[in-house]
Amino acid sequence: MTLTRDQNLRYARQVLLPEVGGAGQEKLLATRALVVGAGGLGSPVLLYLVAAGVGQITIADDDTVAISNLQRQILYDTGTVGLPKASSAEARLDALNPEVKITALQARVTSENVAALVAEADVVVDCLDNFGSRFTLSDACVAAGKPMISAAIQGFAGQLAVFDPAHGGPCYRCFNPAPPPRSAHARPCEETGILGVVAGLVGTAQALAVVKFILGLGDDADGFVTLFDGLAGTTRRVRLARDPACPCCGAKN
Ligand SMILES: [Zn+2]
């Protein structure tokens, strides 16, 4: 596959980078991504992946746009309130880059549908806002040998990690073995609050991690979690080792 004239124009600024080049752009165009959750994290993730030319993207989200989403979910506008997020996102993203093949599923990821969704993806992007679905998605990714790039946000804080146990890295359960009991750390943002720009910051960092993963750049997949503190203005990267006793990817499984 060689880039067309239009592709060379659209992606010119990133193709200029020696770390990307024409070969890297072709990799992006050939990649199939599954983005689960089209909310505060999914908005910047989808906008940047589509702008960068990630070739095929499936969006899974069962929610509809609410007015209280617009403070952070920048894919949507006042005119889309009440409409399904998946199809609204598809329309917005199609206008941004019609070359990307978007599949919009108005569906929640469940134990029934997750294996089929993950099987069709080269890279899985976890933009979920609840632990239950995140564990379902993570376990399916480990079973299928697919990488999962995961982020979470709360208040002024966020975290981000690339999980690729098929290539020696940790899985999500190495980091978080089981869903936590309902606590201050496990409550959804409609109860605890979130600053919109923090969702934008962490989601944009997540999009960068996806692009780097596709291009084979950096060492994120070797096992790190990045912790963002928007109030302090700091970012910390902490080593995250694979757990040999992990209930999902450990030696006993
Ligand atoms: Zn594990």
Side-chain angles (χ1 to χ4, degrees), residues 35-49 59-78 80-81 85-86 88-89 92 108-109 124-138 141 148-163 170-213 218 220 223-240:
V35 178
V36 185
L41 291 167
S43 287
V45 162
L46 285 163
L47 285 164
Y48 276 114
L49 295 189
I59 306 166
D61 194 302
D62 69 338
D63 208 0
T64 53
V65 180
I67 189 111
S68 62
N69 298 150
L70 301 183
Q71 158 259 17
R72 65 196 180 284
Q73 301 186 15
I74 56 171
L75 266 173
Y76 313 110
D77 57 52
T78 308
T80 60
V81 169
K85 286 186 183 175
S88 300
R92 170 76 180 85
R108 175 176 281 261
V109 164
V124 175
V125 193
D126 158 27
C127 302
L128 284 157
D129 62 357
N130 71 88
F131 281 102
S133 300
R134 179 167 293 138
F135 279 93
T136 300
L137 185 63
S138 172
C141 287
M148 181 175 100
I149 298 171
S150 191
I153 45 175
Q154 189 174 66
F156 285 83
Q159 62 190 37
L160 165 65
V162 176
F163 298 107
C171 83
Y172 182 72
R173 282 191 195 262
C174 294
F175 173 56
N176 216 349
R182 194 177 159 78
S183 69
H185 297 295
R187 286 159 58 202
C189 74
E190 62 258 32
E191 294 178 23
T192 57
I194 175 76
L195 200 66
V197 69
V198 171
L201 174 75
V202 178
T204 302
Q206 189 177 17
L208 174 61
V210 175
V211 170
K212 281 168 58 191
F213 183 86
D220 297 334
F224 296 97
V225 58
T226 302
L227 305 168
F228 299 86
D229 181 337
L231 207 50
T234 57
T235 301
R236 256 187 335 133
R237 196 166 178 247
V238 178
R239 189 82 208 185
L240 178 66

Inset, instruction - Could you tell me the separation between the NZ atom of Lys212 and the CG atom of Asp220, rounded to the nearest 0.5 Å? - result: 4.0 Å
Legend entry - Closest approach of Pro44 to Ala207 (non-hydrogen atoms, all atoms of both residues): O-CB, 4.4 Å
Legend entry - Distance (rounded to the nearest 0.5 Å) between Asn69 CG and Ile74 CD1: 13.0 Å
Legend entry - Atom of Ser43, atom of Leu75 and distance for their closest heavy-atom approach: OG-N, 3.3 Å
Legend entry - Nearest heavy-atom neighbours spanning Cys127 and Gly42: CB-N, 3.6 Å
Legend entry - Side-chain heavy-atom pair Asp126, Val36 within 4.5 angstrom cut-off: no
Inset, instruction - Please say whether more than 12 non-hydrogen atoms of neighbouring residues, nucleotides or ligands are located less than 6.0 Å from CZ in Arg237. - result: yes
Legend entry - Derivation of the side-chain contact (heavy atoms from CB on, under 4.5 Å) call for Arg108 and Ser133: CA-CA 8 Å; Arg108 175 176 281 261; Ser133 300; 3.7 Å; yes
Inset, instruction - State, with a plain yes or no, whether a side-chain heavy atom of Phe131 is found less than 4.5 Å away from one of Asn176. - result: yes
Inset, instruction - State whether the side chain of Asp61 and the backbone N or O of Ala38 hold a donor-acceptor pair below 3.5 Å, judged by distance alone. - result: yes
Legend entry - Student check: side-chain heavy atoms of Val125 and Gln206 closer than 4.5 Å: yes
Inset, instruction - Test side-chain contact (heavy atoms from CB on, under 4.5 Å) on Phe228 and Ile153 and set out the steps. - result: CA-CA 9 Å; Phe228 299 86; Ile153 45 175; over 6 Å; no
Inset, instruction - Nearest 0.5 Å please: distance from the CG atom of Leu195 over to the CD atom of Gln71. - result: 7.0 Å
Inset, instruction - Measure across Val109 and Ala60 and return the closest heavy-atom pair with its distance rounded to 0.1 Å. - result: CG2-CB, 4.3 Å
Legend entry - Heavy-atom check, side chain of Phe163 versus side chain of Ser150, under 4.5 Å: yes
Inset, instruction - Nearest 0.5 Å please: distance from the CG atom of Asp129 over to the CD1 atom of Ile194. - result: 11.0 Å
Inset, instruction - Check whether any side-chain heavy atom of Arg92 lies under 4.5 Å from a side-chain heavy atom of Asp77, and answer yes or no. - result: no
Inset, instruction - For side-chain contact (heavy atoms from CB on, under 4.5 Å), just list the numbers for Thr204 and Tyr48, CA-CA rounded to whole Å, side-chain angles, deciding distance to a tenth of an Å, and then say yes or no. - result: CA-CA 7 Å; Thr204 302; Tyr48 276 114; 3.8 Å; yes
Legend entry - Heavy-atom closest contact (Ala151 atom, Arg134 atom, distance): O-NH2, 3.1 Å
Legend entry - Residue pair Ile59 / Ala86: nearest heavy atoms and the distance that separates them: CD1-O, 4.4 Å
Inset, instruction - Measure the shortest side-chain to side-chain distance between Cys174 and Leu240 over non-hydrogen atoms and say whether it is less than 4.5 angstrom. - result: no
Legend entry - Euclidean distance, Leu160 CG relative to Thr226 OG1, rounded to 0.5 Å: 5.0 Å
Inset, instruction - Rounded to the nearest 0.5 Å, what's the gap from CZ on Phe135 to CG on Leu128? Could you check? - result: 11.5 Å
Inset, instruction - Begin with the C-alpha distance, continue with both residues' side-chain angles, and end with the deciding distance and a verdict on side-chain contact (heavy atoms from CB on, under 4.5 Å) for Val65 and Leu70. - result: CA-CA 8 Å; Val65 180; Leu70 301 183; 4.0 Å; yes
